[in-house]
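Structure incoming, see below.
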Amino acid sequence: MSKIISIVVPCYNEEAALKYTIPQLLKIFDDLVGQGKISSESFVLCVDDGSRDKTWEEIAKLHEKDNRVKGITLAHNRGHQYALLSGLMEVKDKCDAAVSIDADLQDDPLAIVQMVEEFLNGKEIVYGVRASRSTDTWFKRTTARCFYKFQASMGLQTIYDHADYRLMSSRALEILSQYGESNLFLRGIIPQIGLDTAIVKYDRHERVAGESKYPLKKMLAFSVDGITSFSARPMRMIFFVGLTLLLIDILVALYVLIAYFGDTAIAGWPSIMLSVWFLGSLILMAIGIVGEYIGKIFVEVKARPRFNIKSTIW
């Protein structure tokens, strides 16, 4: 029996992009159905993450043209990770496998064909990994590499050069549904699922329409969220930095005392040298890191719903 494949497309202000994206995804469905590899009941689910433009209206128009296009809209903007999760949870009982892809077509949709092949060969999770980022600027490429390397150095297990372009079987989706944390970082959660995995490489393209939703500021915030959600290493580093500074402070104190009793110190200089300017900034940074963890605990213990679905088109 042919497998039902769902493609989940998180959308935020993607009115301009959807008119290009959805026809390409449906064309891939047509080819795979024609080859007898997937069921004709396969569908695309667009998740409107509380967009401010006419994204939801565009989804409705696309549904009228082709019933394989489905849609859900969240009650308010929750962010990419929550929009993606809501879509995956919506389809987990309605398909045999789900592919997640952004609406901007920077991730080559033709890689879906290879992902489906790997799935049919028994793989439960198939990661889309960028073979090159030639269309990105030097700054974008450099910051992206730093993003992954920094995460690895902090003990976070992720797939290098993989965003959220992947295929997950219904079994993998069911396991994912058991992860109930509110601080979502799917790139860190999904590798923990295990199961049989594969990698499909593709070339990254330019955005088909609209503007990037991940400027440097958001990338940094995303990285901090990921690290503090999965690793306690930053807090451990604070301890070792504090220990190192304590040893340095002892050496500085000896130098200051020698200068003081040798009458070579300028009046007030010892107290300034032993001031807490540097240590004060370090303490504030440490408090900020600890506060990040406390803030996440605060969000988790309230156990509020991670998202609310406003309406659906099915």
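The residues of the chain are indexed from 1 along the displayed sequence. Given the structure is predicted, the values throughout are model-derived calculations rather than measurements.
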Before giving the answer on side chain to side chain contact (heavy atoms under 4.5 Å, CB included), spell out for Ile313 and Val69 the whole-Å C-alpha distance, their side-chain angles and the decisive distance to 0.1 Å. CA-CA 8 Å; Ile313 297 175; Val69 180; over 6 Å; no
Are Tyr202 and Leu105 grouped together when hydrophobic residues (ILVMFWY) are joined by side-chain heavy atoms under 4.5 angstrom apart?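 No, no single cluster joins them.
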Which atom pair, heavy atoms only, marks the closest approach of Gly87 to Val8?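 Shortest heavy-atom separation between Gly87 and Val8 comes out as CA-CG1, 3.8 Å.
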Mind checking the OG-CG spacing from Ser42 to Asp96? Nearest 0.5 Å is all I need.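 Separation between the atoms: 8.5 Å.
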Say whether, by atom type as modelled, one donor and one acceptor occur between the side chain of Ser39 and the main chain of Ile4 under 3.5 angstrom.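 Answer holds: no.
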Could you report the tightest heavy-atom contact between Ser170 and Cys95, atom names first, then the distance?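 So the two residues come closest at CB-O, 3.6 Å.
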According to a hydrophobic-cluster definition based on side-chain heavy atoms being under 4.5 Å apart (Ile, Leu, Val, Met, Phe, Trp, Tyr only), do Phe43 and Val47 belong together?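 Yes, same cluster.
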Same cluster for Val44 and Leu88 if Ile/Leu/Val/Met/Phe/Trp/Tyr side chains link at under 4.5 Å?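 No; Leu88 is not reachable from Val44 via cluster members.
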Using the rule given for salt bridge (charged side-chain N to carboxylate O under 4.0 Å, His left out), can you reason through Glu124 versus Arg171, listing the C-alpha separation, both sets of side-chain angles and the distance that settles it, and then say yes or no? CA-CA 7 Å; Glu124 303 268 13; Arg171 180 186 175 196; 3.1 Å; yes
Using every non-hydrogen atom in the two residues, find where Leu18 and Cys11 come nearest and quote the distance to one decimal.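 Answer, listing the atom of Leu18 first, then Cys11: CD2-SG, 3.8 Å.
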Got a second to check how far Asp31's CG is from Leu26's CG, nearest 0.5 Å?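 Result: 11.0 Å between the selected atoms.
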Show the numbers, then the answer: is there a side chain to side chain contact (heavy atoms under 4.5 Å, CB included) between Leu186 and Leu176? CA-CA 9 Å; Leu186 295 176; Leu176 176 63; 4.2 Å; yes
Between His162 (side chain only) and Val129 (backbone N and O only), is there a donor and an acceptor less than 3.5 Å apart?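 Between the backbone of Val129 and the side chain of His162 there is no qualifying donor-acceptor contact (under 3.5 Å).
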With side chains defined as the heavy atoms from C-beta onward, is the minimum distance between Glu174 and Asp93 less than 4.5 Å?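 Side-chain contact under 4.5 Å: yes.
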Both conditions, 6.0 Å and 45 degrees, for the charged tip of Lys310 above the ring of Trp56: are they met here?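 Relative to the ring axis of Trp56, which defines the angle, Lys310 lies outside at least one limit.
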State which residue, out of Met168, Lys3, Lys37, fulfils the side-chain contact (heavy atoms from CB on, under 4.5 Å) condition with Phe119.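 Option passing the side-chain contact (heavy atoms from CB on, under 4.5 Å) with Phe119: Lys3.
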Quick one, Leu85 and Tyr82 - any side-chain contact, counting heavy atoms below 4.5 Å?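 With C-beta onward as the side chain, the pair stays apart.
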Looking at side-chain heavy atoms only, is the closest gap between Glu58 and Leu62 below 4.5 Å?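 Sidechains of Leu62 and Glu58: in contact.
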Quick one: OG on Ser6 to NZ on Lys92, what's the gap to the nearest 0.5 Å?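 Result: 13.0 Å between the selected atoms.
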Please assess Glu118 against Leu167 for the test side chain to side chain contact (heavy atoms under 4.5 Å, CB included), listing each intermediate value before the final yes or no. CA-CA 9 Å; Glu118 293 287 355; Leu167 177 146; over 6 Å; no
Give me the atom names and distance for the closest heavy-atom approach of His80 to Pro10.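 Scanning both residues, the minimum pair turns out to be NE2-CG, 3.7 Å.
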4.5 Å side-chain heavy-atom contact, Gln114 and Val126: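 Contact flag for Gln114/Val126 side chains = no.
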Glu57 atom CD: more than 12 heavy-atom contacts under 6.0 Å: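 Atom CD in Glu57 is packed in, count exceeds 12.
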Taking salt bridge (Lys or Arg N to Asp or Glu O under 4.0 Å) as the criterion, tell me which of Asp104, Asp108, Asp107 meets it with Arg204.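 Result for salt bridge (Lys or Arg N to Asp or Glu O under 4.0 Å) with Arg204: Asp107.
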Thr21 side, atom OG1; Ile101 side, atom CD1 - distance, nearest 0.5 Å: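 If we round to the nearest 0.5 Å, Thr21:OG1 and Ile101:CD1 are 8.0 Å apart.
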Is it the case that the side chain of Asp49 and the backbone of Arg78 share a donor-acceptor pair, with hydrogens and angles ignored and the cut-off at 3.5 Å?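 Yes; judged by distance alone, with no hydrogens or angles, the pair exists.
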Heavy-atom distance under 4.5 Å between the side chains of Met89 and Ser177, does that happen here?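 When only atoms from C-beta onward are counted, Ser177 and Met89 do touch, with a gap below 4.5 Å.
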Are Lys94 and Glu41 close enough that some pair of their side-chain heavy atoms sits under 4.5 Å apart?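 They are not in contact (no side-chain heavy atoms under 4.5 Å apart), so the answer is no.
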Out of curiosity, Ile190 CD1 to Thr197 OG1, how far, rounded to the nearest 0.5 Å?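 Going from CD1 on Ile190 over to OG1 on Thr197, the span is 12.0 Å.
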For Gly71 and Ile59, which heavy atoms make the closest approach, and how far apart are they?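 It is CA-CG2, 4.0 Å.
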Option from Thr312, Thr55, Asp48 for which side-chain hydrogen bond (donor to acceptor under 3.5 Å, both in side chains) with Thr73 holds: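 So the option named by the test is Asp48.
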Nearest non-hydrogen partners of Pro109 and Ile28, listed with the distance: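 Scanning both residues, the minimum pair turns out to be O-CD1, 3.1 Å.
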Ser51 (side chain) donor-acceptor with Asp53 (main chain) under 3.5 angstrom: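 No: the side chain of Ser51 does not pair with the backbone of Asp53.
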Going through the checks in order, is the side chain to side chain contact (heavy atoms under 4.5 Å, CB included) test met by Tyr179 and Leu184? CA-CA 10 Å; Tyr179 288 75; Leu184 278 181; over 6 Å; no
Is it the case that one hydrophobic cluster holds both Tyr165 and Ile189, taking links as side-chain heavy atoms less than 4.5 Å apart, direct or via other members?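 No, it is not one cluster - the side chains of Tyr165 and Ile189 are not joined through contacts under 4.5 Å.
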Just wondering, do Tyr12 and Arg52 contact through their side chains at under 4.5 Å, heavy atoms?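 In short, these two side chains touch, coming nearer than 4.5 Å.
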Under a 4.5 Å cut-off applied to non-hydrogen side-chain atoms, are Leu74 and Ile309 in contact?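 A side-chain contact exists here, since the closest heavy-atom pair is under 4.5 Å.
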Assigning hydrophobic clusters by single linkage (Ile, Leu, Val, Met, Phe, Trp, Tyr; side-chain heavy-atom cutoff under 4.5 Å), is Ile7 placed with Ile22?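 Yes: a chain of side-chain contacts under 4.5 Å links Ile7 to Ile22.
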Separation of Met115 CE from Leu120 CG (nearest 0.5 Å):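 The CE atom of Met115 is 13.5 Å from CG of Leu120, to the nearest 0.5 Å.
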